[in-house]
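Step one of this worksheet: look at the structure below.
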There are 2 protein chains.
Amino acid sequence: MDKEFFLDRPTITAYKHNFRTLLAVDSIIFGFDNEELKLLIIKRDYEPELGSWSLMGGFMLEEETLEEAANRVLYNLTGLHDVYMEQIQVFSKPDRDPVERTVSVPFYSLINIEEHDKELLKHHSASWFPLKKVPKLIFDHNDIVNAAIKQLRYKTSIQPIGFELLPEKFTMRQLQKLYEAILDIELDKRNFSKKIRQLDILVKLDEKDMSSSKKGSFLYMFDKRKYKEKVADGFIFKL
Amino acid sequence: MDKEFFLDRPTITAYKHNFRTLLAVDSIIFGFDNEELKLLIIKRDYEPELGSWSLMGGFMLEEETLEEAANRVLYNLTGLHDVYMEQIQVFSKPDRDPVERTVSVPFYSLINIEEHDKELLKHHSASWFPLKKVPKLIFDHNDIVNAAIKQLRYKTSIQPIGFELLPEKFTMRQLQKLYEAILDIELDKRNFSKKIRQLDILVKLDEKDMSSSKKGSFLYMFDKRKYKEKVADGFIFKL
DNA sequence: ACAAAAGTGTTCAGGTTACACCCATGA
DNA sequence: TCATGGGTGTAACCTGAACACTTTTGT
């Protein structure tokens with residue numbers, strides 16, 4: 001029994017003798033260019049690993065939550081607020097950051113690839129990479145990206161997210177391409193549009209987008225109110 | 001532009017000036033007694049909140065990962081190793097712990113309610129509570145428990161977990177009751193056993209359990225190899 | 001012989017999949 | 001007039017849901 005009692009000590013020790021760690025948020029930012037999914041990463045202009053590709057990240061401040069920190073980091077890079085964001089598994093190997101132990105809480109976000117501040121991106125030497133061409137990133141950032149992709153696919157296959165990656169008005173075909181890009185599969189256009197229309201979260205507009213074909217294709221908007229109702233009802237959608 | 005550059009500072013500052021936080025793991029331990037789902041909590045024997053009900057927890061040590069810390073905490077309370085464990089959302093409100101800022105990474109585990117070290121439980125003044133009768137816990141621990149229940153239900157509804165909560169040999173009826181307890185719904189025994197048998201992850205034994213009826217009911221075991229294969233294939237199961 | 005739980009099969013409805021042709025238009 | 005992408009319906013199949021009776025055996 002003594003063994004357990006010994007191991008137990010740290011959990012009942014007064015707070016002050018315990019280890020305190022740096023806590024970072026890392027931002028996995030996905031965008032869509034109507035063809036494929038892309039990831040936004042930066043070229044570090046500070047040590048360690050100056051000049052290497054990296055996720056955008058930042059340390060959690062004393063007075064903010066992790067969610068606030070993640071929003072701050074995303075805002076710093078893109079100028080965007082109120083973006084879809086989801087936390088994934090924490091990365092906590094003691095030696096993952098060579099400078100000092102840093103635990104990373106990653107958040108992935110979905111943004112419209114057209115709607116961000118390009119000056120800020122330039123300032124951070126940030127670039128978009130197709131998912132299949134993401135270079136070697138610092139530390140364990142490639143693992144983090146892979147975990148985020150996995151989580152995004154999983155979520156997308158059971159809940160209608162992904163609208164955040166499109167412009168406000170979009171065609172059925174764009175939406176289908178988005179799902180195909182996220183899930184990395186091909187879908188039948190008849191079945192896809194039937195399914196999506198059944199969800200009753202889109203509004204069909206009278207306008208057409210004439211850029212993709214001679215005939216033009218109808219534009220849709222996404223009915224935020226209905227969408228939120230459904231998600232709140234714990235609604236599950238299977239593609 | 002200056003605003004962004006100012007906000008940006010913390011993310012590019014050298015490590016040393018940044019805030020370091022206490023990082024805790026909290027353990028949400030679920031057990032099943034053949035009737036209902038229960039939660040294991042402890043009566044704190046240290047300040048703050050001495051005497052209050054609380055999740056078992058502990059601070060992450062300098063040389064361990066969060067997963068190791070979670071295993072250590074669980075081991076300290078139950079004497080168990082190699083238990084199913086899953087991380088849920090991090091809780092990081094700056095004032096959630098009144099003594100000092102502590103970020104909590106909660107892990108829930110599923111254990112067989114018969115197979116743990118009862119001496120250790122007594123030592124920690126720990127008790128099992130039915131989910132619907134969990135008392136007020138310290139800090140935001142009730143929120144953490146609710147998040148864990150939600151996650152457990154979600155997981156259970158799409159993947160065959162939950163076997164961890166049963167003894168090695170169990171009856172179809174016990175398994176059904178477990179699912180009913182986790183999902184808080186009633187299931188049809190014909191459809192349930194058909195579905196489970198289709199999954200092809202159980203082995204039917206020749207033995208019967210005679211304790212529950214005159215006729216006796218067949219015992220099953222869970223085929224770990226097949227189960228692991230299925231889960232690795234990203235297999236989704238909908239009850 | 002009866003009470004108590006175990007065990008099993010069929011039918012029906014709804015959803016998912018596979019599949020092919022016509023439409024509108026600009027060039 | 002033709003080439004390009006847009007738009008739609010139907011039949012076969014599969015899965016999930018609802019539902020009731022027989023079996024075993026201890027008392």
Side-chain angles (χ1 to χ4, degrees), chain A residues 33-35 156-160 166-167 169-181 183-221 230 233-239, chain B residues 33-35 153 156-160 166-167 169-181 183-221 230 234-239:
Chain A
D33 67 357
N34 286 334
E35 282 304 324
T156 307
S157 70
I158 54 173
Q159 259 187 40
L166 293 171
K169 301 173 179 180
F170 51 86
T171 67
M172 197 52 92
R173 194 75 193 135
Q174 276 178 291
L175 184 59
Q176 184 180 339
K177 284 215 168 152
L178 171 59
Y179 270 89
E180 290 179 336
L183 301 175
D184 201 21
I185 53 176
E186 301 220 325
L187 298 166
D188 179 276
K189 66 177 174 173
R190 286 162 293 193
N191 294 336
F192 181 79
S193 80
K194 202 189 306 168
K195 183 66 144 286
I196 297 292
R197 277 186 274 114
Q198 275 172 9
L199 293 180
D200 191 32
I201 52 174
L202 292 190
V203 185
K204 187 174 188 171
L205 305 177
D206 285 328
E207 286 173 77
K208 282 190 161 190
D209 166 50
M210 301 306 294
S211 66
S212 64
S213 75
K214 333 260 158 133
K215 186 178 176 182
S217 57
F218 281 107
L219 288 164
Y220 290 82
M221 280 178 61
K230 306 240 165 182
D233 289 351
F235 158 80
I236 286 192
F237 147 86
K238 184 156 170 327
L239 199 67
Chain B
D33 65 357
N34 285 333
E35 281 303 324
R153 288 203 173 126
T156 307
S157 71
I158 54 174
Q159 258 188 41
L166 293 171
K169 300 173 180 181
F170 51 86
T171 66
M172 197 52 89
R173 192 79 193 133
Q174 277 177 291
L175 184 59
Q176 185 181 338
K177 284 215 169 152
L178 171 60
Y179 272 89
E180 290 179 335
L183 301 175
D184 199 23
I185 53 177
E186 300 221 325
L187 298 167
D188 179 276
K189 66 177 174 173
R190 287 162 292 189
N191 293 338
F192 182 79
S193 80
K194 203 189 305 170
K195 182 66 142 287
I196 296 292
R197 277 185 276 113
Q198 275 173 7
L199 293 180
D200 192 33
I201 51 174
L202 292 190
V203 185
K204 186 173 188 171
L205 305 176
D206 285 329
E207 287 174 78
K208 282 190 161 191
D209 167 50
M210 301 306 294
S211 66
S212 64
S213 75
K214 332 258 157 136
K215 188 179 176 183
S217 58
F218 281 106
L219 288 164
Y220 290 81
M221 279 177 61
K230 306 240 164 186
F235 158 79
I236 285 193
F237 147 86
K238 181 154 174 328
L239 200 67

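Chain naming here is simple, since letters A, B, ... match the order of the sequence lines and numbering starts at 1 in each. Source: prediction; values computed, not measured.
Going from atom CE of M172(A) over to atom C1' of dG5(D) covers 15 Å, rounded to whole Å. At whole-Å resolution of the value, CG in L175(A) and P in dG5(D) are 19 Å apart. One can place CG of D188(B) at 18 Å from P of dT15(D), the figure rounded to the nearest angstrom. Between the NZ atom of K194(B) and the P atom of dA18(D) there is a distance of 12 Å, rounded to whole Å. The CD-P distance, from E186(B) to dC19(D), rounds to 14 Å in whole Å. For the pair K195(B) NZ and dC14(D) P, the computed distance is 16 Å after rounding to whole Å. Here dG6(D) presents its P atom at 13 Å from NZ of K204(A), a figure rounded to the nearest Å. Taking atom CZ on R190(A) and atom P on dA20(C), their separation rounds to 7 Å, with Å as the unit.
In this structure, the ring of Y220(B) has its center no less than 6.0 angstrom from the ring center of F170(B).
Side-chain atoms of D209(B) and K169(B), non-hydrogen and from C-beta on, never get closer than 4.5 Å to each other.
Separating the CG atom in L202(A) from the CD1 atom in I196(A) is a distance of 6.5 Å, to the nearest 0.5 Å. Between atom NZ of residue K189(A) and atom CG of residue L187(A) there is a gap of 13.0 Å, rounded to the nearest 0.5 Å.
For the OP1/OP2 pair of dG7(D) and a distance below 4.0 Å, the side-chain nitrogens and oxygens of K189(A) include no atom meeting the criterion.
When distances are taken from the side chain of N191(A) to each of dA6(C), dT17(C), dT25(C), the shortest belongs to dT17(C).
When each of K215(B) and M210(B) is assigned the nucleotide of DNA chain D bearing its nearest heavy atom, the one mapping closer to the 5' terminus is K215(B). Mapped onto DNA chain D by nearest heavy atom, G216(B) and S213(A) fall at different nucleotides, with S213(A) at the one closer to the 5' end.
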